[in-house]
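What's counted below: heavy atoms across the whole structure, side chains too, no hydrogens, waters or symmetry copies. Just follow the structure's listing: the first ligand is 1, and inside any ligand the first atom is 1.
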Amino acid sequence: MKKNTGINLCMIGTGYVGLVSGACLAEMGNRVVCVDNNLEKIKMLQKGKMPIYEEGLEELVDKNVKSGRLFFASSIKEGMMHKGHRAEAVFIAVGTPPREDGSADLSAIEKVSREIAENMTDYTVIVEKSTVPVETCLWIEKTVTRHNKKNIPFDVCSNPEFLREGVAIEDFLNPDRIVIGVPSKKAEFVLKKVYSALSKYPMLVTDVKSAELIKHASNSFLSTKISFINAVANICERTGANVEDVARGMGLDKRIGPSFLKAGIGFGGFCFPKDLEAFYWLAKQKGYNFELLKNVKEINETQKMWIVEKVQQEMWNMEGKTVAFLGLAFKPLTDDMRFAPSTDIAKELIKRGARIRAYDPVSMENAKKSMKGIYFAKDAYDCVKGADCICLITEWKEFAELNFSRVLKLVNHPIMIDGRNLYDPDKMRTMGFTYISVGRK
Ligand code: UDX
């Protein structure tokens, strides 16, 4: 990466999006101050400790702090004017949690917008990076205008992120595309400078609302692909076809493409479920009934219960039976438990009388906070001890490499329900497992 080729930036919010984006923008040569109102978090970061697990993040933060391009502060005021350096662009990456009705709670964005307005001293580009409904930038603009007592010029832009947890740094530094929604040439110039180190990647410059909508549409489309293949998997099961062959056959068509056609126990994580809800809600507000998105969600909810039904079929009575969960996180390489299918699956199995033993390589601490009445095992082998049935929930590499002769000695009954199609059906059956997977014979 180029050194100090960019500009002075302030990144508000040090969650997944803010922290990864801040560290990567520094790596790209910008001088970045990451701000969070959680003082504990800032103190941790200043000591080089990460509040989240993300592959390569600690090293990247450490490297850029040592190079004098990455700083941490606990106030927006300090972040926007840091040791004599004024931030030309201020990124907003604060939380937008879902409300009861599925709409996004934007109160943190409003609060931050007001503070930005109060601390501007010269032309500032305000960049929205959190996932937000279309027109949030308009609200930011209204809020900033209202509190901009000195009439400092500013522009509000949208620069949606498309990071996948676990490979977020790679995604940021090698993007499929960079999308910037800008209201003026001046703002476009500033954002092009911010991203100058990534000039070899396609940059799409649009109006602000289109950029906001690209994020919603992309995530909802990817969720639709997953629910579609999961529905197909159900048909495969009922007809004796193999969903992996069907997905391969579909994916070879360039118009469809092979990615996001992996059948499993449904999608989770903080983006897809939340964005899907928010997009449905937003469409409704605008007078359009986007029923397809509702169906995508319903298929996903049903798919989570696929594994529960399979356990029930094999166990007959669940009362007092032990089910081992290999994996808890919504996907590998993350400790994120938000909207993880494992949570709903465990709840339902417990309701039906089962006892759960669970193990995940990195998300145990987070899981302990949100999942109750479960035995958290020391490792995968401790997890399967005495199990009447094993459920593969997350396709971590270490589960692919298990010593199965050891597993077979530890379990009560050799039943494996593979929710992610991680294993080879023939091999598992030859070893002596009763093996069930998604949409495969
Ligand atoms: C997603 C988007 O990919 C990213 O662009 C966006 O900005 C944030 O949301 P992330 O939530 O980190 O990223 O996870 P992703 O790798 O996309 O997977 C989401 C979920 O879908 C996981 O639960 C995963 O197991 C599931 N999935 C994914 C499938 O079930 N099948 C697939 O083929 C792909």
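For ligand 1 and Lys215, the ligand atoms under 4.0 Å from any heavy atom of the residue are 7 (O). The Glu161 neighbourhood of ligand 1 comprises atoms 7 (O), with distances under 4.0 Å to a heavy atom of that residue.
Closest to atom 5 (O) of ligand 1 among all protein heavy atoms lies Phe162 O, 3.0 Å. Of all protein heavy atoms, the one lying nearest to atom 27 (N) of ligand 1 is Ile226 CD1, 3.5 Å. Taking atom 20 (C) of ligand 1 as the reference point, the nearest protein heavy-atom neighbour is Phe267 CB, 3.6 Å. Nearest protein heavy-atom contact of atom 12 (O) of ligand 1 is Glu165 N, 2.6 Å. Here the heavy atom of the protein found nearest to atom 8 (C) of ligand 1 is Cys271 SG, 2.9 Å. What sits closest to atom 6 (C) of ligand 1 on the protein, heavy atoms only, is Leu163 O, 3.5 Å. Of the protein's non-hydrogen atoms, the one nearest atom 33 (O) of ligand 1 is Lys262 N, 2.9 Å.
Looking at Leu261 against ligand 1, only its backbone comes within 4.0 Å, counting heavy atoms.
By the 4.0 Å heavy-atom criterion, Gly269 is excluded from the residues contacting ligand 1. At a 4.0 Å cut-off, not a single heavy atom of Gly264 sits close enough to ligand 1 to count as contact. Look at Arg420 and you'll find a heavy atom under 4.0 Å from some atom of ligand 1. Heavy-atom separations between Glu395 and ligand 1 are all 4.0 Å or longer.
The minimum heavy-atom distance linking Val438 with Val243 is given by the pair O-CG1, 3.3 Å. Residues Arg420 and Gly264 come closest through the heavy atom pair NH1-CA, 4.3 Å. The minimum heavy-atom distance between Pro341 and Gly266, with the atom names listed, is CG-O, 3.8 Å.
The residue from Phe260, Phe339, Phe330, Phe272 that puts a heavy atom closest to atom 2 (C) of ligand 1 is Phe272. Of the options Gln303, Arg164, Lys331, the smallest heavy-atom separation from atom 14 (O) of ligand 1 is shown by Lys331.
Figure legend: cation-pi geometry between Arg177 and Tyr201 absent, as NZ or CZ is not positioned both under 6.0 Å from the six-membered ring centre and within 45° of its axis. By the 6.0 Å and 45° rule, Arg429 does not stack over the aromatic ring of Tyr435. Judged by a 6.0 Å distance limit and a 45° cone about the ring axis, Arg406 is positioned over the six-membered ring of Tyr381.
In terms of polar-atom proximity, Gly268 is counted as a contact of ligand 1, with an N or O under 3.5 Å from an N or O of the ligand.
Checked against the 6.0 Å centroid threshold, Phe279 and Phe221 do not count as a close aromatic pair.
One side chain, Thr14 or Asp36, offers a donor N or O that lies under 3.5 Å from an acceptor on the other.
Looking at Asp382 and Arg357, a side-chain N of the basic residue comes within less than 4.0 Å of a carboxylate O on the acidic one, giving a salt bridge. Ion pairing between Lys286 and Glu135 holds under the 4.0 Å rule for side-chain N and carboxylate O.
Residue Trp281 is tested with Lys284, Glu277, Gln285 for a side-chain contact (heavy atoms from CB on, under 4.5 Å); the sole match is Gln285.
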